[in-house]
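Below, each value reflects all heavy atoms present in this structure, side chains not excepted, and no hydrogens, waters or symmetry copies. Just so you know, residue 1 is the first one in the sequence shown, and it goes up from there.
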Amino acid sequence: MSYSVAQNTTFLTVASIGQKIISFVYFTFVARMIGVGNTGQYFFAIAFTTIFTVIADFGLGPVLTREAAKYPEKTEIYARTIFWAKFFFAIISYGLIALTVNLLNYSAELKTLIYISGVTMFFDSLHAAFFNVFRANKNLIYESIGVVGSQFLTLIIGTVALLTKQPLYWLIIAYTIPSFFNLIYSRLAVAHVFKFSYHFALDKEILKSFLRFAVPFALAGIIGRLYSYSDSIIMSKMLGKEHLGWWSVPYKITFAFQFIPIALSTSVYPVMSALSLRGRAEIGALFEKAWRYLFTIVFPISFGLFVLAKPVILKLYGETYSPSIVVLQILLISLIFGYLSFITGSVLNATNQQKIQTSLFALALTINVVMNLSLMPKIGITGAALSALTSNLVLCLVGFYFARKTIEIKARNLLKYAGQSFWPAVAMAALVY
């Protein structure tokens with residue numbers, strides 16, 4: 001059974017709201033209970049292994065979604081081949097995690113946290129393959145259930161670990177156990193809905209074909225993750241765990257709101273992929289609707305939280321996190337451009353412009369790293385926030401330029417939609433202030 005873009009966006013958005021609420025409450029509890037330094041290590045261990053998830057996926061997930069959406073009669077053989085390919089890539093990825101943490105010479109405690117988090121990455125990569133099948137068939141309800149369920153289980157395990165004063169690594173295990181159960185759940189869901197068999201079978205021709213498509217996705221994914229987390233890696237070597245703790249709070253707050261463009265782009269991507277076979281005129285109209293939806297959401301979030309940044313940080317996390325206030329305000333402005341970039345990326349990927357998208361991420365990563373190396377020694381985590389804002393702005397504007405060359409986008413409509421949301425959001429923020 002398939003659903004419309006609006007229905008799928010609603011499913012994943014509602015699930016993501018639930019997941020983010022649970023995650024936000026849980027992280028706030030963790031940050032207050034374990035202190036700034038331990039929060040920094042906990043955050044960094046998860047962030048570090050997140051970089052390697054793209055190696056475990058190697059761009060095969062988006063290609064499976066795209067190709068299965070185009071050719072639904074081949075979904076089973078596609079899915080079986082990609083699942084086992086990802087299994088082997090996930091093993092390689094875990095080996096690279098172990099190698100990298102030793103080369104970077106992190107502390108024994110941090111290494112343990114990263115090793116356990118790597119197991120979570122392994123399970124996440126595999127259950128994502130099952131959910132890609134549902135995405136291709138425009139059915140996101142099972143993934144939505146899995147998102148909420150796994151986060152709720154994390155909350156329970158992590159809370160028990162905190163209240164019983166277990167070692168820090170139990171907070172990472174709180175993600176590993178739900179990820180394993182999500183793998184079992186997603187496998188059973190695919191078997192129930194599609195009657196697919198996942199015995200070992202690797203079609204070499206399909207894999208070769210998919211890998212040719214996947215390389216740009218893989219490169220874009222690797223560069224994109226480095227772009228998202230390079231600041232944390234640089235921070236871990238230049239500033240220390242307290243700064244990571246201060247950085248983690250505004251990062252987690254702004255990241256929590258990314259479920260909206262993620263849900264929307266996840267819903268429109270297979271539709272754009274299918275439309276690309278019939279011509280690209282309709283993609284432009286879908287793009288304009290997507291940006292209009294995001295304008296309506298992101299302006300109130302960014303401007304409203306901007307004026308509330310100080311009380312939010314001090315009331316929820318305490319005085320020890322006061323250096324996070326300015327960083328949060330900068331990242332909230334950056335959030336606007338980050339939202340819009342999700343849709344430009346979906347357009348480029350759906351229309352076989354993956355190489356352009358990869359180049360855009362490479363440009364943004366370069367800007368981000370250069371600015372971080374320059375600003376972080378001088379102004380600390382504020383420099384990381386300014387770097388994120390600049391690189392997100394470039395990614396959004398240059399991405400829009402190439403998207404407009406690929407499909408027909410009416411800039412006049414976008415300006416009208418932006419104005420309809422911008423000025424009410426400014427008025428709301430002034431009233432809140």
Side-chain angles (χ1 to χ4, degrees), residues 8 11-12 15-16 18-20 22-23 46 49-69 75-76 78-94 97 116-158 172-202 210 214 217-218 221 225 259 262-263 265-267 269-270:
N8 278 318
F11 293 150
L12 205 53
S16 296
Q19 186 261 346
K20 295 302 181 185
I22 297 170
S23 177
I46 296 173
T49 51
T50 300
I51 296 171
F52 290 84
T53 57
V54 292
I55 299 175
D57 181 76
F58 204 73
L60 293 170
V63 177
L64 172 59
T65 299
R66 188 182 72 186
E67 296 304 305
T75 300
E76 182 173 2
Y78 284 168
R80 188 184 302 149
T81 297
I82 298 311
F83 173 82
W84 288 107
K86 290 185 69 172
F87 178 86
F88 293 114
F89 275 118
I91 293 174
I92 294 170
S93 184
Y94 191 88
I97 288 174
I116 298 172
S117 187
V119 178
T120 309
M121 172 219 68
F122 181 84
F123 293 140
D124 283 349
S125 175
L126 296 183
H127 71 61
F130 295 123
F131 288 137
N132 284 132
V133 174
F134 284 107
R135 290 184 180 191
N137 286 272
K138 305 179 185 67
N139 184 336
L140 298 184
I141 192 165
Y142 289 94
E143 183 175 354
S144 301
I145 294 170
V147 164
V148 176
S150 61
Q151 187 61 55
F152 185 70
L153 187 55
T154 295
L155 173 66
I156 294 173
I157 298 171
I172 306 297
I173 294 175
Y175 287 99
T176 306
I177 294 174
S179 182
F180 173 74
F181 281 111
N182 216 9
L183 171 61
I184 302 300
Y185 160 74
S186 59
R187 169 66 183 90
L188 293 175
V190 167
H192 172 71
V193 176
F194 301 106
K195 314 301 179 185
F196 286 175
S197 169
Y198 274 85
H199 61 273
F200 181 77
L202 207 64
F210 271 50
F217 281 110
R225 289 301 170 89
F259 71 86
I262 289 173
S265 61
T266 299
S267 299
Y269 176 66

**Study point:** Donor-acceptor contact present, side-chain Thr50 to main-chain Ile46, <3.5 Å
**Key:** yes
Check your understanding: So, for Thr154 and Pro178, which heavy atoms are closest and what is the spacing to 0.1 Å?
Key -> OG1-CG, 3.3 Å
Point to revise | Donor-acceptor under 3.5 Å (Ser125 side chain, Phe122 main chain) | key: no
Point to revise | Interatomic distance, Phe83 atom CZ to Phe88 atom CZ [nearest 0.5 angstrom] | key: 10.0 Å
Check your understanding: Are Phe131 and His127 close enough that their ring centres sit under 6.0 Å apart?
Key -> yes
Point to revise | Atom of Phe123, atom of Thr176 and distance for their closest heavy-atom approach | key: CD1-O, 4.0 Å
Review point. Would you say Ser93's side chain and Ile55's backbone share a donor-acceptor pair under 3.5 angstrom?
Key: no
Practice item. Please indicate whether Tyr185 has more than 12 foreign heavy atoms, meaning atoms of other residues, nucleotides or ligands, lying under 6.0 Å from its OH. Key: yes
Revision key, fill the gap. In short, Ser179 meets Asp124 closest at the heavy-atom pair OG-OD1, 2.5 Å
Check your understanding: Do the side chains of Thr49 and Thr120 get nearer than 4.5 Å, heavy atoms only?
Key -> no
Revision key, fill the gap. Rounding to 0.5 Å, atoms OH (Tyr175) and OG (Ser117) come to a distance of 9.5 Å
Check your understanding: What is the minimum heavy-atom distance between Val119 and Tyr94, and which atoms define it?
Key -> N-CE1, 3.6 Å
